[in-house]
Amino acid sequence: MQKILITGGTGFIGSHTVVQLESIGYECVILDSLANSRPAVVDRITKITGKTPVLVEGDVRDRACLDAVFAAHDIDSVIHFAGLKAVAESIREPLRYYDCNVSGTITLLSAMAKANVKTIVFSSSATVYGEPDFSPIPESAPFRPASPYGKSKAMVESILTDLTVSDPAWRVALLRYFNPVGAHPSGMMGEDPAGIPNNLMPFVCQVASGRHKTLNIFGNDYPTADGTAERDYIHVMDLAEGHLAALHYLVRSDAPRLTIANLGTSRGHSVLDVVTTFARVNNTPIPYQFVARRPGDVPAYWADATRAEQTLGWKATRSLEDMCRDSWNWQTQNPTGYIG
Ligand code: NAD
Ligand code: UD1
């Protein structure tokens, strides 16, 4: 069976992907600096799958560490999740973001080339599209990243594209995620943000659990059906399965060198949809108030995920109800995340 290096594999999306990979027999080696995750994730993975992935604590910018990982393990492919992802922080600290996300990826790719491992799935983001002209957004939409974080994703996409032109042995998948939410249905793994969450679903969970009194809904004067902003929320388990589909596709003999796909559900939900669905399926009130728009927010966007279905044979199947139920299940079982 194939052995996969998962950078950032103890993080939110990485950990769910490791579970899905292990459940169908892949062997996983995780490389993670633990900058934004906890080693306890590995115990949860073991409890769910009955298998323990190797965890190497290290940084993707550390070339010696990468060379040692490739020397010690017979890696077939890489899924590259490791990186920094907070938009506002990236505006304050651009160099840190370019160093981690861009230099880190270049170091990883150089080590892969040396080890003759040339298959990689990369975590890109819908943030590369910025404010789109229309939704659903196809992969051909122009890039308008509005933050250093978004620009770092666009830069890495260019680097990987150039690599496929330079050498026919590379097989690259650029996966552009929309808004990942939800948790493993067991309630044993989920999103564990440090500090006060910026993102909607973790904040809603913390309001439901009483850690915050009220959800601030940023803007109710958008040109949408109920005035609140719309996004394409996608269950993290669907996202994890999208990575399996991409890996299967890349090793096919007829796979092109470069595959680019949106991973989303192809539909938008408003902030109020999320709040009312969460309250209904979990039978928990979510007090909220409308406040001013958050600077930099886009009114509405969702994916055209047709290509992922046609090329990778992947389609998101889980509903907003599933996302809200699984997020709350994780939150109630782990009120303080992985510590506690
Ligand atoms: P996460 O922070 O939970 O996971 C990222 C992991 O990478 C963490 O475990 C962190 O410790 C590790 N890491 C960070 N810098 C590292 C470095 N230099 N070397 C080694 N490990 C390092 O984030 P996530 O939500 O799981 O996101 C995974 C990837 O998907 C990221 O690249 C992110 O930009 C991308 N993405 C995320 C979202 C989202 O909303 N969660 C949306 C689009 C794209
Ligand atoms: C943000 C990032 C995006 C990243 C995504 C990950 C920005 C500009 N974009 O997207 O790059 O890929 O997270 O999921 O930061 N909301 C509230 N109250 C809250 C929190 C959020 O009303 O307390 C609203 C927001 O205004 C937005 C929606 O909920 O309309 C979703 O917000 P969020 O989860 O932060 O995701 P995005 O802003 O879409």
Side-chain angles (χ1 to χ4, degrees), residues 6-17 30-39 41 56-62 65-66 79-91 96-97 99-101 103-105 107-108 122-131 145-147 149-150 152-153 156 175-181 190-194 196-204 206-207 212 214-220 222 224 228-234 236 239-240 243 263-264 268-272 274-275 288-301:
I6 323 280
T7 74
T10 46
F12 173 44
I13 305 168
S15 57
H16 290 79
T17 304
I30 295 173
L31 175 73
D32 201 300
S33 65
L34 303 177
N36 195 37
S37 56
R38 302 192 178 269
V41 172
V56 178
E57 187 178 341
D59 197 294
V60 288
R61 289 164 293 184
D62 181 347
C65 172
L66 287 167
I79 307 182
H80 181 33
F81 293 106
L84 301 174
K85 62 166 184 175
V87 172
E89 188 180 63
S90 80
I91 295 168
R96 204 173 135 232
Y97 270 69
D99 183 38
C100 183
N101 294 2
S103 303
T105 304
T107 307
L108 172 67
F122 174 65
S123 297
S124 189
S125 170
T127 200
V128 296
Y129 299 121
E131 183 159 359
S147 68
Y149 167 66
S152 76
K153 291 293 178 191
V156 172
L175 302 182
R176 298 181 186 149
Y177 316 153
F178 280 65
N179 284 53
V181 296
E191 191 170 8
D192 185 16
I196 297 174
N198 294 312
N199 295 121
L200 179 63
M201 188 66 89
F203 202 94
V204 167
Q206 294 193 3
V207 171
H212 306 286
T214 313
L215 168 73
N216 286 329
I217 296 186
F218 301 134
N220 63 340
Y222 283 111
T224 58
T228 64
E230 293 175 353
R231 296 288 183 274
D232 186 340
Y233 298 96
I234 174 168
V236 67
L239 205 51
H243 291 77
L263 296 186
H269 286 291
S270 72
V271 178
L272 275 176
V274 173
V275 170
Y288 63 82
Q289 61 184 359
F290 295 117
V291 298
R293 292 180 180 192
R294 186 170 64 178
D297 272 355
V298 170
Y301 63 85

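As the structure lists them, so they are numbered: ligands from 1, and atoms in each ligand from 1.
Counting only heavy atoms from C-beta outward, the side chains of Leu66 and Leu108 approach each other to under 4.5 Å. Contact check for Val181 versus Ile234: no side-chain heavy atoms found under the 4.5 Å cut-off. In this structure, Leu215 and Leu200 have side chains that are in contact, with non-hydrogen atoms separated by less than 4.5 Å. When side chains are defined from C-beta on, Met201 counts as touching Val274, because their heavy atoms get closer than 4.5 Å. Looking only at side-chain heavy atoms (C-beta outward), Cys100 and Leu84 come within less than 4.5 Å of each other. Side-chain contact between Asn101 and Tyr149: present, with at least one pair of heavy atoms (C-beta onward) separated by less than 4.5 Å. The shortest distance between side-chain heavy atoms of Ile196 and His212 falls below 4.5 Å.
Using cut-offs of 30° and 60° for the angle between ring planes, the His243 and Tyr177 rings count as perpendicular.
Protein heavy atom closest to atom 19 (N) of ligand 1, with residue, atom name and distance, is Val60 N, 3.0 Å. Scanning the protein heavy atoms around atom 2 (O) of ligand 1, the nearest turns out to be Asn36 ND2, 2.7 Å. The protein non-hydrogen atom at the shortest distance from atom 24 (P) of ligand 1 is Lys85 NZ, 3.7 Å. Annotation: atom 8 (C) of ligand 1 to nearest protein heavy atom, Asp32 OD2, 3.5 Å. Residue, atom and distance of the protein heavy atom nearest to atom 5 (C) of ligand 1 are Gly83 O, 4.0 Å. Atom 18 (N) of ligand 1 has Asp59 OD1, 3.0 Å as its closest protein atom, hydrogens excluded (heavy atom only). For atom 4 (O) of ligand 1, the closest non-hydrogen atom on the protein side is Gly11 CA, 3.4 Å. Ile13 CD1, 3.8 Å is the protein heavy atom nearest to atom 37 (C) of ligand 1.
Every atom of ligand 1 is numbered from 1 in the order shown, and the set under 4.0 Å from a heavy atom of Ser37 is 8 (C), 9 (O), 11 (O). For ligand 1, the atoms lying closer than 4.0 Å to a non-hydrogen atom of Pro180 are 38 (C), 39 (C), 40 (O), 41 (N), 42 (C). If you number the atoms of ligand 1 from 1 as listed, the ones under 4.0 Å from a heavy atom of Gly8 come out as 6 (C), 7 (O). Close approach of ligand 2 to Thr127 (heavy-atom distance below 4.0 Å) involves ligand atoms 11 (O). Within ligand 1, counting atoms from 1 as listed, the ones closer than 4.0 Å to a heavy atom of Ala82 are 7 (O), 20 (C), 21 (N), 22 (C). Each of the following atoms of ligand 1 lies closer than 4.0 Å to a heavy atom of Leu34: 11 (O). Taking a cut-off of under 4.0 Å to the non-hydrogen atoms of Ser125, the atoms of ligand 2 that pass are 12 (O). The distance from ligand 2 to the heavy atoms of Asn216 drops below 4.0 Å at these ligand atoms: 17 (C), 18 (N), 19 (C), 22 (O), 23 (O). Residue Ser123 has at least one heavy-atom neighbour below 4.0 Å for each of these atoms of ligand 1: 29 (C), 30 (O), 32 (O), 35 (C). Distances below 4.0 Å separate heavy atoms of Ala229 from the following atoms of ligand 2: 30 (O). Of all atoms in ligand 2, listed by their number and element, those nearer than 4.0 Å to a heavy atom of Ile217 are 22 (O). Set against the non-hydrogen atoms of Arg61, the atoms of ligand 1 under 4.0 Å away are 18 (N). Short contacts between ligand 1 and Cys100, defined as distances under 4.0 Å to a heavy atom of the residue, involve ligand atoms 15 (N), 18 (N).
Residue-level proximity to ligand 2 for Val271 is carried by the side chain, the only part with a heavy atom below 4.0 angstrom.
Residue nearest to atom 28 (C) of ligand 2, selected from Phe178, Tyr233, Phe12, Tyr301: Tyr233 (by heavy-atom distance). Closest heavy-atom approach to atom 33 (C) of ligand 1 among the candidates Tyr149, Phe122, Tyr177: Tyr149. Nearest-residue assignment for atom 37 (P) of ligand 2 (options Asn198, Val87, Asn179; heavy-atom criterion): Asn179. The option with the heavy atom closest to atom 17 (C) of ligand 2, from among Tyr177, Phe290, Phe218, is Phe218.
Judged by the shortest distance from any of its heavy atoms, Thr7 lies outside the 4.0 Å radius around the atoms of ligand 1. Ligand 1 is approached by Gly58 to a heavy-atom distance shorter than 4.0 Å. Heavy atoms of Lys153 approach ligand 1 to within less than 4.0 angstrom. Within the structure, the closest approach of Tyr288 to ligand 2 does not fall below 4.0 Å when heavy atoms are considered. Heavy atoms of Ser124 come nearer than 4.0 angstrom to ligand 1 in at least one pair.
Considering backbone and side-chain atoms together, Gly296 places no N or O closer than 3.5 Å to any N or O of ligand 2. The shortest N or O to N or O distance between Leu215 and ligand 2 is not below 3.5 Å. Remark: ligand 1 and Phe81 share an N or O pair separated by less than 3.5 Å (distance only, no angle test). For ligand 1, one of its N or O atoms has an N or O atom of Phe12 under 3.5 Å away. When only interatomic distances are considered, the shortest N/O to N/O separation between Ser33 and ligand 1 falls below 3.5 Å. Residue Phe178 has no nitrogen or oxygen atom sitting less than 3.5 Å from a nitrogen or oxygen atom of ligand 1, judged on distance alone. Close N/O approach between Tyr149 and ligand 2 is not found [any backbone or side-chain N/O within under 3.5 Å].
No side-chain N or O of Glu131 forms a donor-acceptor pair with one of Tyr301 less than 3.5 Å apart.
With Thr7 contributing its side chain and Phe81 its backbone, the two residues share a donor-acceptor pair below 3.5 Å. A donor-acceptor distance shorter than 3.5 angstrom exists from the side chain of Thr228 to the backbone of Leu272, with no hydrogens or angles considered. Not one N or O on the side chain of Ser33 forms a donor-acceptor pair closer than 3.5 Å with the backbone of Asp59. A donor-acceptor pair under 3.5 Å is formed between the side chain of Lys153 and the backbone N or O of Ser123. Tyr97 contributes a side-chain N or O that, together with a main-chain N or O of Ala86, makes up a donor-acceptor pair within less than 3.5 Å.
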ask   = Hey, mind stepping through Asp297 and Arg294 against salt bridge (charged side-chain N to carboxylate O under 4.0 Å, His left out) and telling me if it holds?
value = CA-CA 6 Å; Asp297 272 355; Arg294 186 170 64 178; 3.1 Å; yes

query = Passes side-chain contact (heavy atoms from CB on, under 4.5 Å), Asn216 versus Gln289? Steps please.
reply = CA-CA 5 Å; Asn216 286 329; Gln289 61 184 359; 2.6 Å; yes

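A cation-pi geometry, defined here as NZ or CZ lying under 6.0 Å from the six-membered ring centre and within 45° of its normal, holds between Arg293 and Tyr222.
The distance from the CD1 atom of Ile217 to the OG atom of Ser270 is 8.0 Å, given to the nearest 0.5 Å.
Gly150 approaches Pro145 most closely through the heavy-atom pair C-CB, 3.4 Å. Of all heavy-atom pairs spanning Ala300 and Thr224, the tightest one is CB-CG2, 4.2 Å. Looking at every heavy atom in both residues, Asp32 comes nearest to Gly9 through OD2-N, 3.4 Å.
Protein heavy atoms all stay at least 4.0 Å away from atom 4 (C) of ligand 2.
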